[in-house]
Protein chains: 2
Amino acid sequence: MRNDQLKAELKKRNQRMTAQRELILRLFLEAGTEHLSADEIYHKVQGKNFRISKATVYRTIELLADIRLLRKIVFEDGVVRYELVEKGEHHHHHVICSNCGAVVEFHLDNLEELEELVKSRTGYTIEDHQLKFYGLCPKCQNAMKDKKSTSNEIK
Amino acid sequence: MRNDQLKAELKKRNQRMTAQRELILRLFLEAGTEHLSADEIYHKVQGKNFRISKATVYRTIELLADIRLLRKIVFEDGVVRYELVEKGEHHHHHVICSNCGAVVEFHLDNLEELEELVKSRTGYTIEDHQLKFYGLCPKCQNAMKDKKSTSNEIK
DNA sequence: GTAAGTGCAAAGGATTTGCGAATCT
DNA sequence: AGATTCGCAAATCCTTTGCACTTAC
């Protein structure tokens with residue numbers, strides 16, 4: 001299905017379906033909810049006894065993002081990542097641990113109405129929004145607690 | 001005031017107040033609502049007949065962010081920027097033009113209650129959140145319209 | 001057959017790091 | 001004086017680009 005969408009869009013642009021493009025799209029489909037960086041894709045490919053150059057990885061994810069099969073996401077750690085765009089799905093947002101970077105998703109619908117408000121207040125046409133929460137995941141909360149009780153070290 | 005906060009925190013850490021640190025903090029105070037990258041800070045300094053190396057700019061903004069005088073912000077263009085943290089101020093969010101990158105701020109308070117919800121659903125302790133809207137600014141909307149009416153070119 | 005896509009290696013750009021010189025206390 | 005900070009240049013890391021070779025259509 002996603003594959004057909006890709007093929008159709010490529011045809012429209014006079015571009016070609018290649019094994020590399022198919023594989024990278026598949027990796028995102030398999031990754032499900034994961035957010036992958038170019039480097040992670042590159043390494044996942046190595047495991048599939050198939051070689052794709054880094055340049056192609058970069059070119060391909062850019063293509064997939066252009067077609068809107070992928071969405072670019074940058075957390076405050078500055079690493080560029082991509083995730084599958086779930087068509088017609090409820091918007092999901094990210095909860096990120098500021099200590100270890102663990103990411104959890106959070107579903108929330110009623111932000112769409114906010115887009116209207118933003119539109120009327122700013123004059124921008126709003127196409128998308130991203131909401132991110134930063135804090136400590138349960139694991140890191142415990143780790144901090146332990147540290148505090150066993151020593152007086154700061155930092 | 002912000003200056004004193006910086007001095008106090010530095011003392012606590014056995015670190016020193018220097019002209020470089022003072023100037024960079026001042027630039028952020030003067031910039032007001034602007035979001036500045038390391039490079040922008042670096043160039044602003046040149047205009048002040050004072051020389052600060054890029055390394056120091058990077059080290060200083062990291063320090064200021066550590067102390068929580070600055071907040072790191074990364075828009076989807078991947079450029080790392082920083083903004084002043086306004087203590088106790090209403091949360092503001094960003095509306096970003098996906099064509100030209102123009103950023104407008106948008107004030108909104110009632111998202112704090114959401115943090116509670118996230119906390120109970122995920123187990124994370126939430127310290128901060130960031131909401132970003134992506135769309136076309138009025139200028140780019142017009143530019144697109146003009147383009148369409150004068151030619152049939154796509155893209 | 002021919003335009004589009006790929007791999008490779010080089011180029012770019014942003015950020016970090018090592019180190020001797022300068023500066024604050 | 002002694003520790004911290006700075007500037008500089010080199011090193012890293014991530015991403016993009018030029019070009020000859022390969023492949024999809």
Side-chain angles (χ1 to χ4, degrees), chain A residues 3-4 6-27 35-46 48-67 69-70 72-82 101 155, chain B residues 3 6-27 35-46 48-67 70 72-82 101 155:
Chain A
N3 230 311
D4 300 335
L6 174 54
K7 268 180 195 160
E9 186 61 31
L10 287 172
K11 181 164 283 181
K12 208 189 293 178
R13 301 167 168 232
N14 278 315
Q15 291 181 294
R16 294 166 187 176
M17 180 55 120
T18 65
Q20 288 86 339
R21 290 172 179 174
E22 197 155 9
L23 176 53
I24 290 179
L25 174 56
R26 178 137 41 88
L27 286 179
H35 319 93
L36 303 172
S37 66
D39 197 62
E40 283 161 356
I41 286 291
Y42 180 73
H43 287 297
K44 270 179 192 282
V45 170
Q46 309 309 304
K48 299 261 177 182
N49 69 339
F50 190 96
R51 202 178 145 56
I52 299 185
S53 72
K54 273 213 168 157
T56 298
V57 171
Y58 279 103
R59 289 188 277 233
T60 303
I61 55 191
E62 193 191 348
L63 171 70
L64 294 176
D66 254 30
I67 295 181
L69 283 167
L70 299 184
K72 190 174 182 177
I73 299 199
V74 191
F75 299 129
E76 283 354 272
D77 66 356
V79 179
V80 177
R81 295 169 175 282
Y82 291 82
K155 197 187 178 190
Chain B
N3 231 311
L6 174 54
K7 268 180 196 160
E9 186 62 31
L10 287 172
K11 180 163 284 181
K12 207 188 298 177
R13 299 168 170 232
N14 279 316
Q15 292 181 292
R16 293 169 186 173
M17 178 56 118
T18 65
Q20 289 86 339
R21 290 173 180 173
E22 196 155 11
L23 175 52
I24 290 179
L25 174 55
R26 177 137 41 87
L27 286 178
H35 318 92
L36 302 172
S37 66
D39 196 62
E40 284 161 357
I41 287 290
Y42 180 74
H43 286 297
K44 269 180 193 284
V45 171
Q46 308 309 303
K48 299 261 176 182
N49 69 340
F50 190 97
R51 203 177 145 53
I52 299 184
S53 74
K54 272 211 168 159
T56 297
V57 172
Y58 279 103
R59 289 189 275 234
T60 303
I61 54 190
E62 193 191 346
L63 170 70
L64 294 177
D66 255 27
I67 295 182
L70 298 184
K72 190 173 181 178
I73 299 199
V74 191
F75 299 129
E76 284 351 272
D77 65 358
V79 179
V80 177
R81 294 167 176 283
Y82 291 82
K155 200 187 175 191

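Each chain gets a letter, A, B and so on, in the order the sequences are listed, and its residues count up from 1.
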With a 4.5 Å heavy-atom cut-off, do Tyr42(A) and Gln46(A) have their side chains touching? yes
Spell out, as yes or no, whether a donor-acceptor pair under 3.5 Å connects the side chain of Glu76(B) to the backbone of Val74(A). yes
Using modelled atom types and a 3.5 Å cut-off, is there a donor and acceptor pairing between side-chain atoms of Arg21(B) and backbone atoms of Lys7(B)? no
Check the phosphate of [N] against [X], side-chain N and O only, distance under 4.0 Å to OP1 or OP2. Yes or no?
X        : N       : result
Thr18(B) : dC6(D)  : yes
Gln15(B) : dT5(D)  : yes
Tyr58(B) : dT16(C) : no
Ser53(A) : dT6(C)  : no
Arg51(B) : dC8(D)  : yes
Arg21(A) : dG5(C)  : yes

Euclidean distance, Leu64(A) CG relative to Ile61(A) CD1, rounded to 0.5 Å: 8.5 Å
May I have the distance from [X] (atom [atom1]) to [N] (atom [atom2]), rounded to whole angstrom?
X        : N       : atom1 : atom2 : result
Lys11(B) : dT4(D)  : NZ    : P     : 16 Å
Ile52(A) : dG5(C)  : CD1   : P     : 14 Å
Met17(B) : dT23(C) : CE    : P     : 18 Å
Ile61(A) : dC14(D) : CD1   : P     : 13 Å
Leu10(A) : dT6(C)  : CG    : P     : 10 Å
Glu22(A) : dA24(D) : CD    : C1'   : 13 Å
Phe50(A) : dT23(D) : CZ    : C1'   : 12 Å
Lys7(B)  : dC24(C) : NZ    : C1'   : 13 Å

Electrostatic pair Glu9(A):Lys12(A) at N-O distance under 4.0 angstrom: yes
When all nucleic acid strands are considered with a 4.0 Å heavy-atom cut-off, which category describes Asp39(A): base, sugar-phosphate, or nothing? nothing
For Val80(A), which contact category applies under a 4.0 Å heavy-atom criterion: base, sugar-phosphate, or nothing? sugar-phosphate
With respect to the side chain of Arg16(A), which nucleotide from dT23(C), dG5(C), dT15(C) is positioned closest? dG5(C)
Of the nucleotides dA9(C), dC6(D), dT6(C), which one has an atom closest to the side chain of Thr56(B)? dC6(D)
Mapping Lys54(B) and Arg59(B) onto DNA chain C by nearest heavy atom, which one lands closer to the 5' end? Lys54(B)
